[in-house]
Amino acid sequence: MALSRWGAVLAGTTALIVLVSGCGSSGSSSGANGSSASDQHVEKLTFDFPVAVAGPVAQDVKDLVNQFNQTHKNIQVSPVFTGDYQTTMTKVQTAAKAGSTPDVAVLQSTDMYSLLDANLILPIDQFATSDSDKQWLTSFYPALMANSTLNGKTYGIPFQRSTLLLYYNKDEFNRAGLDPNSPPTSWDELVKDGKMLTKNGQWGLEIPTSGLTYWEFQPFAIENGQNVVGDAANKVTYDDPKVAQALQFFADLSKKDKIEPTGLLGWTTAPTDFESGKAAMIYHSSGSLTSILKTAKFNVGVAELPGNVQKGSPTGGGNLYVFNTKDSAKEQAAYEFVKWMAQPDNAAKWSIETGYVGSSPAVYETDAMKQYLQKTPQAAAIQQQMQSAAKELGTHDGQEIQSILSTACQQVLTANVTPQQALKDAQQKADQILSKYQN
Amino acid sequence: MGLVQVGSPVVHMPRPRRFTRRAWQGYLMLLPSAVILLTFTIWPMIIALYHSLCLQDSAHPVPKFVGLANFGMLFHSHLFWQVMGNTFLFIVATVPVSLVAAMILAVMLNRRYRLTGFFRVALFHPTVLPLVSAASIWLFMYTPDYGLIDKALSAFGGAQLNWLGQPRTAIWAIIIMTIWKQLGYFVIFYLAGLQGIGKDPYEAADVDGASAWTTFWTITVPLLMSTTMFVFTIAMVDAFQLVDQLYVMTQGGPDNGTNMLLFYIYQQSFTYQNTGEASALSVILIAMLIFVAILQNVVDKRVHYES
């Protein structure tokens, strides 16, 4: 008896400890450095990719990879679908500690700092040496590169990047006596329109707030003239008075103006409510554009987010990274793959399938994109939003720093904590963590 | 730990020598489980203990010995105590309720009525569902406005509640869901326990004219004590291991209102890469589980196993 009871308890802890201790063993790179790259040699690359939006997107990625493999005889990429961003990052970091990483992967742009701290990724500049490649590196939207460069070096190539957009129900605008072709462009109009659209069984506005609350809050800080993060990777500005003011406005939408439900809203609740007519306006990722247009049975309007002292929205989503595999032939091949995946035609196809941002102005010059925009004028809002988009909250220990801000926002949204108090605490916690990275 | 006793050789040998052939056989048979136990339980525990004494995170990839600093940091962190408080509340709210409800339901289902089979299946089916899908279903039921629960409440004029959207209600939402999920599993054990009680005590009670309540309280409950102890252990271990529904339903939020020990360890270890802190938390978890095991062993000595 005694043995089996101990066994039950020990078994209970085992799984956990194995996992935790698995992180411990470091070093011992697998490196699989067979023969060097001769002309006949085929470089075999593993490519980890997450899928963060609904729809058959994983298949689209595989199609793209197949196309690459057919046109590049000496490189063979095997795509590995790895769940969502978080899972993929966990997998990569854990695998790295056991000495094996993928050769190339899509990971959140904000994970760049953590990947660098673990010495897992390489600067793209080291491969982009020709003039045309150098020019290619500068072709992307600056807002997207704010999360892809550090100290003048580029570490990530925009691939499935997104931004927040305002989706609104044009039919409800008509019914409420509002002009369906002029969505709110300022905070005041947002509240005013929201009040007119709020009625029994329908909210004027829904902004998802559970989970990664920091991202949905960021537009308000940017629009109020002070983003929560600057260029530095070890500094945040949570306790700036303008940020506090923005958070007050964000919370007032539900608490004072009553155009939003109180409490936290799930990420997937907002589009579901929008599509079923329970919310007349929502803030959501551009990555949801295709699925919202497909599902909604009414005229959907899409616009850039309303501004205050300026317009703005954070970018989001994932970049392509070349991993430090200590095998230069593989690394070079990984770069070829990244470059190919990010070229305008492929980026256009990818953007059309999903609603992800076309990563450079050139993408919007492609024929496929032009045709698509004619058929789906709503997607133009994405390109428009890119003009005023800003850096997503990304620093060293990024996920923890983000979660500190999310928690502060949640405190203000769900309890009687003032923005000043919550943000002051958050700043203190963030400073404590970031103080490790002062050099 | 009983390991040696099980392996120790035959009792009836005249002069037991240490390594007779039969003794070797015994050890050999134990070897596979011993190896597994050592590799996957004891060794990781030692490693975790070592890492808990090291500073190791993204800024310090190479472990640096810092003594008890990780524990000191945890004990000074508001979040740690919030997490411990949540874990404690969760255990206190789920374990006794599940135990009592399971026992009562088992006694009711132990009789043969026309619908007994149906009720048994109905009660047991949540156990068969994977926790992740159950959590997804409850996530939908808890949705404000058109979720099943809010709809039902509003039909009776109740206030609209965003169950998972507020720290105070979110943890209760998780507790209710967990009790629902594990109740059927415990009922099965109690049903088995009830089958093990003979008819005699009940017939004797009947002859003495004892009321149903007295019978339940003086016969059923004491004779089910060994089952209760067993279910209690399982429930305690389960309560510490809860993580799936948090992942699906709240991610530990809002405002860490549903963050519990194991989920916190997962966050620290895999999301934030704070290996040192995560190991310190694991050590605390192990210590608590060992404490539960010891406590249970002590109480166990007072329980009869024969009926």
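Excluded from the calculations below are hydrogen atoms, water molecules and symmetry mates; all remaining heavy atoms, backbone and side chain alike, are included.
With hydrogens and angles disregarded, no donor-acceptor distance shorter than 3.5 Å links the side chain of B/Asn162 to the backbone of A/Leu265.
Residues of residues 404-414 of chain A that come within less than 4.5 angstrom of chain B, heavy atom to heavy atom, are A/Thr407, A/Gln410, A/Gln411, A/Thr414 in numerical order. Listed in order of number, the residues of residues 250-261 of chain A that approach chain B to under 4.5 Å between heavy atoms amount to none.
Heavy atoms of B/Asn274 lying under 4.5 Å from chain A belong exclusively to its side chain. Neither the backbone nor the side chain of B/Gln267 has a heavy atom closer than 4.5 Å to any heavy atom of chain A. Of the two parts of A/Gln399, the backbone and the side chain both hold a non-hydrogen atom closer than 4.5 Å to a non-hydrogen atom of chain B. Only the side chain of B/His60 comes within contact range of chain A, judged by heavy atoms closer than 4.5 Å.
In plain terms, the two heavy atoms of A/Gly263 and B/Gln166 that are nearest each other are CA-CG, 4.3 Å. Minimum interatomic distance between A/Tyr437 and B/Ala59 (heavy atoms only, all atoms of both residues): OH-N, 3.1 Å. Closest heavy-atom contact between B/Tyr247 and A/Thr87: OH-OG1, 4.3 Å.
Within a 6.0 Å radius of NZ in A/Lys424, other residues, nucleotides and ligands contribute 12 heavy atoms or fewer. Around atom OH of B/Tyr272, more than 12 heavy atoms belonging to other residues, nucleotides or ligands sit under 6.0 Å away. Surrounding CZ of B/Phe90 are more than 12 heavy atoms belonging to other residues, nucleotides or ligands, all under 6.0 Å away.
Side-chain polar atoms of B/Gln273 and A/Asp117 form no donor-acceptor pair below 3.5 angstrom.
Remark: A/Tyr113 OH to B/Ser58 OG distance equals 14.0 Å, nearest 0.5 Å. Taking CG of B/Leu79 as the reference point, atom NZ of A/Lys429 lies at 6.5 Å (rounded to 0.5 Å). Distance check, rounded to the nearest 0.5 Å: CG of B/Asp57 to CD of A/Glu400 gives 8.5 Å. For the atom pair OG1 (A/Thr268) and CZ (B/Phe140), the distance works out to 10.5 Å, reported to the nearest 0.5 Å. Note that the CG atom of B/Leu161 and the OG1 atom of A/Thr262 stand 9.0 Å from one another [nearest 0.5 Å]. Between atom CZ of residue B/Phe270 and atom CD of residue A/Gln93 there is a gap of 10.5 Å, rounded to the nearest 0.5 Å.
In terms of heavy-atom pairs under 4.5 angstrom with chain A, the leader among B/Gly257, B/Pro254, B/Pro144 is B/Pro254.
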